[in-house]
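The next block holds one structure in the form of structure tokens; read it before the comments.
Keep in mind that the numbers below use all heavy atoms, side chains included, and drop hydrogens, waters and symmetry copies. Just so it is clear: chains get the letters A, B, ... in the order the sequence lines come, proteins before strands, and each one is counted from 1. The model shown is predicted, which means the values in this text are computed figures rather than measured ones.
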Number of protein chains: 2
Amino acid sequence: MDIKSKNLETKHNKNNAFDNFFKSAFTVDNIIFGFDEADLKVLLIKRGEVPYENQWALPGNFVYQDEDLNTAAKRVLAELTGVKNVHLEQVKTFGSVGRHPFGRVITVAYYSLIKISDYHLHVSSIAQEAAWHSISEVKGMPFDHDEIFVACFNRLKLNIKRQPIGFELLPPKFTLTQLQHLYEAILEEKLDKRNFRKKILSMDFLIDLDELQEGVAHRPAKLFKFDKERYRRLYEEEGFHFDVAPTKHKKK
Amino acid sequence: MDIKSKNLETKHNKNNAFDNFFKSAFTVDNIIFGFDEADLKVLLIKRGEVPYENQWALPGNFVYQDEDLNTAAKRVLAELTGVKNVHLEQVKTFGSVGRHPFGRVITVAYYSLIKISDYHLHVSSIAQEAAWHSISEVKGMPFDHDEIFVACFNRLKLNIKRQPIGFELLPPKFTLTQLQHLYEAILEEKLDKRNFRKKILSMDFLIDLDELQEGVAHRPAKLFKFDKERYRRLYEEEGFHFDVAPTKHKKK
DNA sequence: TTAACAAAGTGTAAGAAATACACTAATTAG
DNA sequence: CTAATTAGTGTATTTCTTACACTTTGTTAA
């Protein structure tokens, strides 16, 4: 079974591979997750360009020729949202031939997490508008953006169980209930309050600030913060496993 | 903090994004894992082209302009090794500006698993040679291939704990010891024999064939096969968790 | 001032899973 | 028939996960 692909030989039997330029648009798309007490949100822009002008889509942009992928993702994110220094993870590359109606576009999808309250949204010239959308409303985006979203959301669901990334979405001081709601929003499952608390506290990287929530019309909750240093010391080597079963209450 | 990036506007304020071609080479690289009773191996080719002519490197190749990424990865794999219909997973895209001395090359890394004994290696014109290398010997590859290898190997380590992919590396009939050695090779940890067997058998997707190993100079082991159907029925929804602690024997 | 409301906070028993650990059984080779 | 080699097996202990409901603390409004 010897290899005799003409294509292969045509493409490769040259000393300089750069005789063959791959002409296409190369982009990054970002899924930017935010959280606002109750709902997990995604930052979308209203496109100001064809194709799909006026539709809500993922904020993405071209990669420059002399720019690393991660740099491009960070730059695009910063340009479109003003957000810098965030956790940014490459998830998957989408390159189907037909994914863009104007030609071949290959895009590397990244996701990041930001505190909604830390940033004001700024609209760049390529977009008409930028806004947070509840994750339940993001179906029907142009291109294969729905698929990209699902891939990134699934990655987030995986990562939340091994890495302390949830705290990126909350204010520096937060209550355990806020944290639980965040986990529930990401995992799309209700969790048992006592089990959640037992587990998360047993990990020993939350610090009880001995402060109370203010301005709520009920018993105020204690505030906690995430101790990055302690996390590193305890889990840098091994990682952790956050596994709390979804509630199955009321099965009598 | 309004967005005023010149670059952004230059690149984007045109109705057709394809005024801007991204000129670069676009490739896929494959990490092909194999296993031969004792060692986990990776399939490398000896490059027949500059740069790095004569060095062992990952088998990779150009993506055609009208070809999906997955298709390209499968084609390249088939062309270079004759292997078809394998589990193929996209791992990560590498696109550092300086990763190829001749210019910008962006590569999507895939890994796959094959049974070494099922395939004979065939050398294509772009390579001088193709051969299996023990994973301990693959350091020092050209480009950023070491980094690509590590990324794929880590992904494999993750996946082996959630998916029944190990069986792709073994003959259809195998012994539990072979399977354990495979897990140990991938995880780079010794496992306790009894715990390993208890766990893997409790998953209930191995079928005892009531046959014995032949041609060994010791007590022959029973042969098992993997039951894909049963696996699907039991785990399709939820996935599984294979977690067997590494042996910590002799801590007296 | 007090009653109604809302969410915070808390403990335990039962079951499941993970771990540590060492000897006997079956076969071949010499 | 003995030595060598690997296969095969069970249990007690510990750790983790799960299920589950009432009391506490504060605010608001009558």
Side-chain angles (χ1 to χ4, degrees), chain A residues 37-38 161-162 170 173-184 187 189-204 206-224 234-235 238-252, chain B residues 37-38 161-162 170 173-184 187 189-204 206-224 234-235 238-252:
Chain A
E37 299 287 311
K161 295 193 169 189
R162 333 244 111 208
L170 292 175
K173 301 176 179 187
F174 51 85
T175 69
L176 293 182
T177 300
Q178 285 176 318
L179 187 61
Q180 182 178 345
H181 288 338
L182 172 58
Y183 271 81
E184 290 175 339
L187 298 172
E189 288 173 336
K190 288 276 174 225
L191 304 175
D192 178 82
K193 181 157 68 161
R194 278 178 290 193
N195 291 339
F196 177 83
R197 284 163 183 244
K198 201 190 319 164
K199 179 72 182 176
I200 204 92
L201 289 175
S202 76
M203 293 188 188
D204 216 37
L206 292 187
I207 295 182
D208 183 342
L209 292 168
D210 275 317
E211 287 179 61
L212 295 181
Q213 212 182 10
E214 281 173 14
V216 287
H218 52 77
R219 176 175 177 178
K222 289 206 276 188
L223 292 171
F224 290 80
L234 293 171
Y235 295 99
E238 301 277 324
F240 63 79
H241 283 239
F242 177 88
D243 265 311
V244 174
T247 41
K248 270 164 235 161
H249 271 185
K250 330 288 174 221
K251 67 172 180 183
K252 6 175 160 153
Chain B
E37 299 289 311
K161 294 193 169 188
R162 332 245 113 207
L170 292 174
K173 302 174 178 187
F174 52 83
T175 69
L176 293 182
T177 301
Q178 287 175 317
L179 186 61
Q180 183 179 343
H181 288 337
L182 171 59
Y183 272 81
E184 289 175 340
L187 297 173
E189 289 174 335
K190 288 280 174 222
L191 304 175
D192 179 81
K193 182 158 67 161
R194 279 178 289 194
N195 292 338
F196 177 82
R197 284 163 183 243
K198 202 188 319 165
K199 179 71 183 178
I200 204 93
L201 289 175
S202 77
M203 292 188 187
D204 217 36
L206 292 187
I207 294 181
D208 184 341
L209 292 168
D210 274 317
E211 286 179 63
L212 296 179
Q213 212 182 10
E214 280 174 17
V216 287
H218 53 76
R219 175 174 177 178
K222 290 206 276 187
L223 292 171
F224 290 80
L234 294 170
Y235 296 99
E238 299 277 324
F240 63 81
H241 283 239
F242 177 89
D243 265 311
V244 174
T247 40
K248 269 165 234 161
H249 271 186
K250 330 292 171 212
K251 67 171 181 185
K252 358 174 160 149

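Between the CG atom of A:Leu176 and the C1' atom of C:dA7 there is a distance of 13 Å, given to the nearest Å. Summarising the geometry, the separation between CZ on A:Phe196 and P on D:dA19 is reported as 17 Å, rounded to the nearest angstrom. A:Lys190 places its NZ atom 18 Å from the C1' atom of D:dC20, with the value rounded to the nearest Å. In this structure, A:His241 atom NE2 and C:dA16 atom P are separated by 22 Å, rounded to whole Å. A:Glu214 places its CD atom 17 Å from the C1' atom of C:dA7, with the value rounded to the nearest Å. To the nearest angstrom, C1' of C:dT10 lies 14 Å from CD of A:Gln180. What separates CZ of B:Phe242 from C1' of C:dA17 is a distance of 14 Å, to the nearest Å. Nucleotide C:dA6 holds its P atom 10 Å from the NE2 atom of A:His218, rounded to whole Å.
Within 4.0 Å of A:Thr177, counting heavy atoms only, lie sugar-phosphate atoms of the nucleic acid but no base atom.
Annotation for A:Leu187 and A:Lys161: closest pair CD2-CE, 3.8 Å, computed over non-hydrogen atoms. Here the closest non-hydrogen pair linking B:Phe196 and B:Leu176 is CE2-O, 3.8 Å.
Of the options A:Asp210, A:Leu209, A:Asp208, a side-chain contact (heavy atoms from CB on, under 4.5 Å) to A:Leu223 is made by A:Leu209 and by none of the others. Partner of B:Thr177 under the side chain to side chain donor-acceptor pair (under 3.5 Å) criterion, chosen from B:Gln213, B:Arg197, B:Lys193: B:Arg197.
Ring pair B:Phe242/B:Tyr183 is tilted by interplanar angle, where 30° to 60° counts as tilted.
The residue among A:His181 and B:Val216 whose nearest nucleotide of DNA chain C lies closer to the 5′ end is A:His181.
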Could you give me the CA-CA distance, side-chain angles and deciding distance for A:Thr175 and A:Lys222, then say whether side-chain contact (heavy atoms from CB on, under 4.5 Å) is met? CA-CA 6 Å; A:Thr175 69; A:Lys222 289 206 276 188; over 6 Å; no
If the sugar-phosphate is the primed atoms plus P, OP1 and OP2 and the base is the rest, what is the B/S/- string for nucleotides 9-15 of chain D, using protein heavy atoms under 4.0 Å? BBB----
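Counting heavy atoms of neighbouring residues, nucleotides and ligands inside a 6.0 Å radius, atom NZ of A:Lys173 does not exceed 12 of them.
Donor-acceptor pairing under 3.5 Å, judged by distance alone, is present between the side chain of A:Arg219 and the base of C:dA8.
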